[in-house]
Amino acid sequence: MDDLKKRNHNLVYLGLGSNIPPRNDYLSQARKKLRQLACVKQLRASSIYETKPLGPGSGNYLNQVVELMVNKGVSPHYFLEKTQEIENQLGRIRTIKWGDRTIDLDILFWNNLILKDKNLVIPHPLLQDRLFVLEPMVELNSELVHPILKLSITELFDNLSS
């Protein structure tokens, strides 16, 4: 990314997941709705990966990571609200932790920000333990360094997959 874009935008990575049919459609609709947000200037998506559920979910997930350029003036909390609105629009119902869902949108990284409060933790606290996040992240930005762990995405992926 050139310097002008870096100055005017936040580099944000989101994890997307769906295990309620039509899973591909939910991922596609989520990407479309993200592109339509006035604060998003660019979207690049990884391949889609199918994975088994971690918790009580009943069906396999389709997972993907998207790279976004979000306007500099936008806060992570405001963007979290926008992603939750998209989840709600696509029928997300929060009943059981790690349960079935039409769509899940998780903020993984926001530049090199380290943030922890009651509503939001960035980087996502479990991403280093999830191949379904690291594998698509390797596609998009293998050299990105986790700001807390000080390891690249490739190193995190290699540590988990070996």
Side-chain angles (χ1 to χ4, degrees), residues 1-19 23-54 60-87 90 92 101-116 120-162:
M1 184 183 334
D2 66 34
D3 289 337
L4 179 61
K5 287 182 180 177
K6 282 182 184 178
R7 282 195 306 265
N8 295 324
H9 296 90
N10 296 296
L11 183 60
V12 178
Y13 290 90
L14 291 183
L16 283 66
S18 175
N19 79 328
R23 301 172 302 167
N24 266 317
D25 288 349
Y26 285 121
L27 292 177
S28 177
Q29 289 177 57
R31 289 190 312 270
K32 181 180 178 182
K33 288 181 179 296
L34 287 164
R35 275 189 199 93
Q36 291 172 343
L37 293 174
C39 61
V40 172
K41 297 301 174 208
Q42 183 177 337
L43 183 141
R44 196 166 64 107
S46 74
S47 300
I48 296 172
Y49 296 82
E50 186 165 16
T51 58
K52 296 197 178 307
L54 290 177
N60 285 352
Y61 277 83
L62 291 184
N63 295 102
Q64 181 175 49
V65 171
V66 295
E67 178 186 81
L68 306 169
M69 288 196 324
V70 177
N71 290 349
K72 205 59 152 175
V74 173
S75 75
H77 289 91
Y78 173 82
F79 197 72
L80 175 64
E81 288 176 26
K82 292 298 176 193
T83 61
Q84 289 175 342
E85 286 174 16
I86 290 171
E87 289 176 336
L90 295 178
R92 169 85 188 262
R101 63 213 47 201
T102 56
I103 194 71
D104 186 28
L105 303 175
D106 289 329
I107 299 174
L108 304 172
F109 292 101
W110 188 282
N111 297 321
N112 291 319
L113 179 68
I114 298 171
L115 172 69
K116 186 173 184 178
L120 185 58
V121 178
I122 299 174
H124 190 285
L126 301 174
L127 72 87
Q128 67 275 3
D129 301 321
R130 295 178 169 174
L131 279 174
F132 64 83
V133 170
L134 294 174
E135 194 168 8
M137 277 296 305
V138 166
E139 272 187 60
L140 294 176
N141 191 344
S142 62
E143 299 309 310
L144 180 74
V145 174
H146 191 294
I148 297 171
L149 302 176
K150 305 299 185 201
L151 295 170
S152 73
I153 294 300
T154 297
E155 291 169 315
L156 292 172
F157 176 78
D158 290 345
N159 289 346
L160 195 57
S161 61
S162 57

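Along the sequence shown, residues are numbered consecutively beginning with 1. As the structure is a computational prediction, the values presented were derived from the model and not from experiment.
- When side chains are defined from C-beta on, T51 does not count as touching L131, because their heavy atoms never get closer than 4.5 Å.
- Under the 4.5 Å side-chain criterion, counting only non-hydrogen atoms from C-beta, L37 is in contact with I86.
- S46 contributes no side-chain N or O that, together with a main-chain N or O of L140, makes up a donor-acceptor pair within less than 3.5 Å.
- Taking the side chain as every heavy atom from C-beta outward, H124 and L126 approach each other to under 4.5 Å.
- Side-chain atoms of E139 come within 3.5 Å of backbone N or O of S47 as a donor-acceptor pair.
- The closest side-chain heavy-atom distance from F79 to L120 is not below 4.5 Å.
- No donor-acceptor distance shorter than 3.5 angstrom exists from the side chain of D104 to the backbone of L16, with no hydrogens or angles considered.
- Here the straight-line distance linking atom CG of L68 with atom CZ of R44 works out to 11.0 Å at 0.5 Å rounding.
- Taking CG of L27 as the start and CD1 of I103 as the end, the distance is 4.5 Å to the nearest 0.5 Å.
- Separating the NE2 atom in H146 from the CG atom in N112 is a distance of 11.0 Å, to the nearest 0.5 Å.
- The number of heavy-atom neighbours closer than 6.0 Å to NZ of K32, taken from other residues, nucleotides and ligands shown, is 12 or below.
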Margin query: Run the side-chain contact (heavy atoms from CB on, under 4.5 Å) test on V145 and F109 for me, step by step, so that the C-alpha distance in whole Å, both residues' side-chain angles and the decisive distance to 0.1 Å come before the verdict.
Written below: CA-CA 10 Å; V145 174; F109 292 101; over 6 Å; no

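- Of the possible donor and acceptor atoms, one in the side chain of S18 sits under 3.5 Å from a partner among the backbone N and O of T102.
- Looking only at side-chain heavy atoms (C-beta outward), E67 and L11 come within less than 4.5 Å of each other.
- A heavy-atom distance below 4.5 Å is found between the side chains of L14 and I107.
- Rounded to the nearest 0.5 Å, atoms CG (L115) and NE2 (H77) are 5.0 Å apart.
- Shortest non-hydrogen contact noted between G17 and N63 is CA-ND2, 3.7 Å.
- For R23 (side chain) and N60 (main-chain N/O), a donor-acceptor pair under 3.5 Å exists by modelled atom type.
- When side chains are defined from C-beta on, N141 does not count as touching I153, because their heavy atoms never get closer than 4.5 Å.
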Next item on the list: I would like to know whether V40 and R35 meet side-chain contact (heavy atoms from CB on, under 4.5 Å); could you show each step before the answer?
Entry: CA-CA 6 Å; V40 172; R35 275 189 199 93; 5.6 Å; no

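- The closest donor-acceptor contact from the side chain of Q64 to the backbone of A45 lies at 3.5 Å or more, if one exists at all.
- The backbone N or O of F157 lies less than 3.5 Å from a partner atom in the side chain of S161, making a donor-acceptor pair.
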Margin query: Between H9 and N71, does the side-chain contact (heavy atoms from CB on, under 4.5 Å) criterion hold? Intermediate values first, please.
Written below: CA-CA 5 Å; H9 296 90; N71 290 349; 3.7 Å; yes

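- Looking at S142, its side chain never comes within 3.5 Å of a backbone N or O of T154 through a donor-acceptor pair.
- Contact detail for P123 and I114: the closest heavy-atom pair is CD-CA, 4.4 Å.
- Of all heavy-atom pairs between L108 and L127, the closest is O-CD2, 3.7 Å.
- Side-chain contact check for M69 versus N10: every heavy-atom pair is 4.5 Å or farther apart.
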Next item on the list: Start with the C-alpha distance between L90 and K33, add both sets of side-chain angles, then the distance that settles side-chain contact (heavy atoms from CB on, under 4.5 Å), and finish with yes or no.
Entry: CA-CA 10 Å; L90 295 178; K33 288 181 179 296; 3.8 Å; yes

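- Atom-to-atom distance recorded for D106:CG and T83:OG1 is 8.0 Å, nearest 0.5 angstrom.
- Between the CD atom in E135 and the CE atom in M137 there is a gap of 13.0 Å [rounded to 0.5 Å].
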